[in-house]
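Below is one structure, written out as structure tokens; the observations come after it.
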Amino acid sequence: SDSEVSNAEGYYEFELPIGTNYTITPERDDDHMNGVSTYDLVLITRHVLGLEQLDSPYKLIAADANNSGSITTFDIVQLRKLILHIDERLENNTSWRFVQRNYAFPDPTNPWAANFPELENFNNLEEDYLDVDFIGIKIGDVNDSVIPNAIVQPEGRTSNTILPFQLDDVMLKAGNQYTIPVEATLKEVKGYQFTLEYNAAVLELLDVVEGSATMSNFGFLKDGIMTLSWNDKAENTDAFSLVFIAEQDAKLSDVLSINSTYTSAEAYNETLGLQVPTLVFNDFSTQATQVELYQNTPNPFKDETIIAFLLPAEMQANLKLHDVNGKVIQNWDATYSEGYNELKIDGKKLPTGVLYYTLETDDFTITKRMIVIK
């Protein structure tokens with residue numbers, strides 16, 4: 001047997017003696033996590049529930065993580081373990097599968113109806129073959145986000161829209177036990193994932209109390225590191241709670257954070273637009289020094305959106321919606337509390353298109369843009 005590594009574009013060649021039988025078999029089995037995220041779980045779940053079918057045989061093969069010849073919740077469980085870094089590889093599958101490029105699936109909605117060719121045979125080789133091509137399928141990646149080689153750079157997955165996870169900031173005292181509820185408005189959210197990091201020298205994790213997130217949504221990698229991957233429906237704001245014992249005096253916001261160290265921090269709204277999960281601590285008496293206005297979420301939106309803002313103290317503030325010409329559409333003038341505030345906006349009462357919202361206090365005026373769709 002002979003083997004070659006293709007170049008970055010997938011080109012390969014063999015110089016072989018004629019008059020012999022050969023089999024060309026492409027293989028790749030590394031970096032199982034590449035291209036796999038909770039976004040894929042959202043799409044696979046919609047397929048399993050019959051809400052929106054995966055629209056190509058290659059996506060169907062990619063979704064079959066456990067290599068069973070069908071797509072079920074077991075595939076979602078396998079892929080979630082990858083996302084959470086509980087597993088580093090798929091147990092019953094390789095990270096890539098390959099299908100002859102010119103193969104026509106007899107039933108594109110069921111690629112397992114016949115054995116699809118993952119190799120190509122040549123009997124009594126007598127001439128050059130210049131089109132022995134295969135289509136590579138990254139298992140678990142149904143939204144084509146995989147980065148197949150080091151030359152192609154990943155698409156920037158950035159967003160100014162946050163998904164706030166709210167919790168009370170606490171002045172921790174050594175020796176005391178604390179239960180910290182974490183809340184998030186997830187009604188319009190299809191899924192989220194992130195790494196949750198805490199200072200293990202300050203906090204000892206005793207327990208996680210289930211909310212909309214259950215224990216199957218968590219990965220406990222080591223002291224100080226948890227991963228989360230969630231895609232489901234949530235009618236209330238109870239995401240989960242953390243039970244800690246404080247080993248030292250500290251402020252909670254100084255020792256607990258969301259980041260992308262292991263599982264990337266990202267969330268997907270009802271239009272599958274990208275958001276950034278962010279911890280928002282409700283006591284800003286020593287943190288917030290100025291007004292902050294967040295991007296509304298979801299955005300774009302149809303039925304409802306949330307505008308959130310932070311205030312360094314209880315104060316009078318005015319939030320108004322206006323069009324590009326400055327004409328005021330809605331106005332909320334009130335005394336708002338210190339820290340995190342949010343307003344629900346009814347999109348059904350708004351005109352379609354680009355609108356602006358402005359937050360005004362005695363010292364600050366901040367404006368952001370929103371998009372209403374129908």
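What you see below is based on every heavy atom in this structure, not just the backbone, and it leaves out hydrogens, waters and symmetry mates. Treat the numbers as computed from the prediction; the structure is a model and nothing was measured.
- In this structure, CZ in R369 is found 8.0 Å from CG in N299, a value given to the nearest 0.5 Å.
- Looking only at distances, no side-chain donor or acceptor of D232 sits under 3.5 Å from a matching main-chain atom of A213.
- Remark: side-chain polar atoms of D64 are paired, donor with acceptor, to backbone N or O of G69 under 3.5 angstrom.
- In this structure the side chain of F122 never reaches within 4.5 angstrom of the side chain of L16, judged on heavy atoms.
- Ion pairing of D131 with R101 is absent here, as no side-chain N (NZ or NE/NH1/NH2) approaches a carboxylate O to less than 4.0 Å.
- One finds the NZ atom of K233 at 14.0 Å from the OG atom of S212 (value rounded to the nearest 0.5 Å).
- The shortest non-hydrogen separation linking P351 to I329 is CG-CD1, 4.1 Å.
- Scanning both residues, Q177 and V243, for their nearest heavy atoms gives NE2-CG1, 3.6 Å.
- In this model, no donor atom of one side chain and acceptor atom of the other lie less than 3.5 Å apart for N21 and N121.
- Side-chain polar atoms of Q316 and T335 form a donor-acceptor pair below 3.5 angstrom.
- Heavy atoms of other residues, nucleotides or ligands lying less than 6.0 angstrom from OH of Y12 number more than 12.
- Here NZ of K349 is found 12.5 Å from CG of L321. Values are rounded to the nearest 0.5 Å.
- Side chain of N325 to backbone of K327: no donor-acceptor contact under 3.5 angstrom is found.
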Self-check item: Candidate pair R89 and S95, rule side chain to side chain contact (heavy atoms under 4.5 Å, CB included), full reasoning
Solution: CA-CA 8 Å; R89 59 177 295 114; S95 63; over 6 Å; no
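- Using modelled atom types and a 3.5 Å distance limit, the side chains of D29 and H32 yield a donor-acceptor pair.
- Look at K344 and D346 and you find no salt bridge, because none of the NZ, NE, NH1 or NH2 atoms lies under 4.0 Å from a carboxylate O.
- A donor atom on one side chain and an acceptor atom on the other are found under 3.5 Å apart for S253 and D169.
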Exercise. Might you work through the side chain to side chain contact (heavy atoms under 4.5 Å, CB included) test for L60 and W112, ending with a clear yes or no?
Key: CA-CA 9 Å; L60 294 169; W112 309 281; 4.0 Å; yes
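- Partner Y192 forms a side chain to side chain contact (heavy atoms under 4.5 Å, CB included) with one of L186, V276, T38 and no other, that one being L186.
- A side-chain donor-acceptor contact under 3.5 Å links Q100 to the backbone of L119.
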Quiz item: Yes or no on side-chain hydrogen bond (donor to acceptor under 3.5 Å, both in side chains) for D363 and T361, after CA distance, side-chain angles and deciding distance?
Solution: CA-CA 5 Å; D363 301 315; T361 69; 5.5 Å; no
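- Panel note: side chain Y294, backbone F309; no donor-acceptor pair is recorded below 3.5 Å.
- Heavy atoms only, all atoms of each residue included: V372 and G347 are closest at CG1-O, 4.1 Å.
- Within a 6.0 Å radius of NZ in K368, more than 12 heavy atoms belonging to other residues, nucleotides or ligands are found.
- With hydrogens and angles ignored, the 3.5 Å screen pairs no side-chain donor or acceptor of T278 with any backbone N or O of P164.
- Side-chain atoms of E52 never come within 3.5 Å of backbone atoms of L43 as a donor-acceptor pair (strictly under, hydrogens ignored).
- Taking each heavy atom of G19 and N124 in turn, the nearest pair found is CA-OD1, 3.1 Å.
- Residues T72 and S70 bring no donor and acceptor atom of their side chains to less than 3.5 Å of each other.
- A side-chain donor from one of S216 and T214 sits under 3.5 Å from a side-chain acceptor of the other.
- A donor-acceptor contact shorter than 3.5 Å links the side chain of T195 to the backbone of T263.
- V324 places a side-chain heavy atom less than 4.5 Å from the side chain of Y356.
- Across all non-hydrogen atoms, the minimal contact from L359 to V291 is CD2-CG1, 3.4 Å.
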Practice problem: Check the pair D133, N102 against side-chain hydrogen bond (donor to acceptor under 3.5 Å, both in side chains), reporting the backbone distance first and the verdict last. | Solution: CA-CA 8 Å; D133 298 333; N102 60 1; over 6 Å; no
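- Other residues, nucleotides and ligands contribute at most 12 non-hydrogen atoms within 6.0 Å of the CG atom of N115.
- Using modelled atom types, no side-chain atom of S229 and backbone atom of T227 make a donor-acceptor pair closer than 3.5 Å.
- Residue Q78 holds its CD atom at 9.5 Å from CG of N93, rounded to the nearest 0.5 Å.
- Here the side chain of N34 pairs a donor or acceptor atom with the backbone of I147 at under 3.5 angstrom.
- Nearest heavy-atom pair, V328 versus Q330, reported as atom, atom and distance to 0.1 Å: CG1-O, 3.6 Å.
- In this structure, Y103 has its ring center at least 6.0 angstrom away from the ring center of F116.
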Quiz prompt | Criterion ring pair (Phe, Tyr, Trp, His ring centres under 6.0 Å) on Y22 and F14, from CA distance to verdict | solution = CA-CA 11 Å; Y22 296 100; F14 291 97; 8.8 Å; no
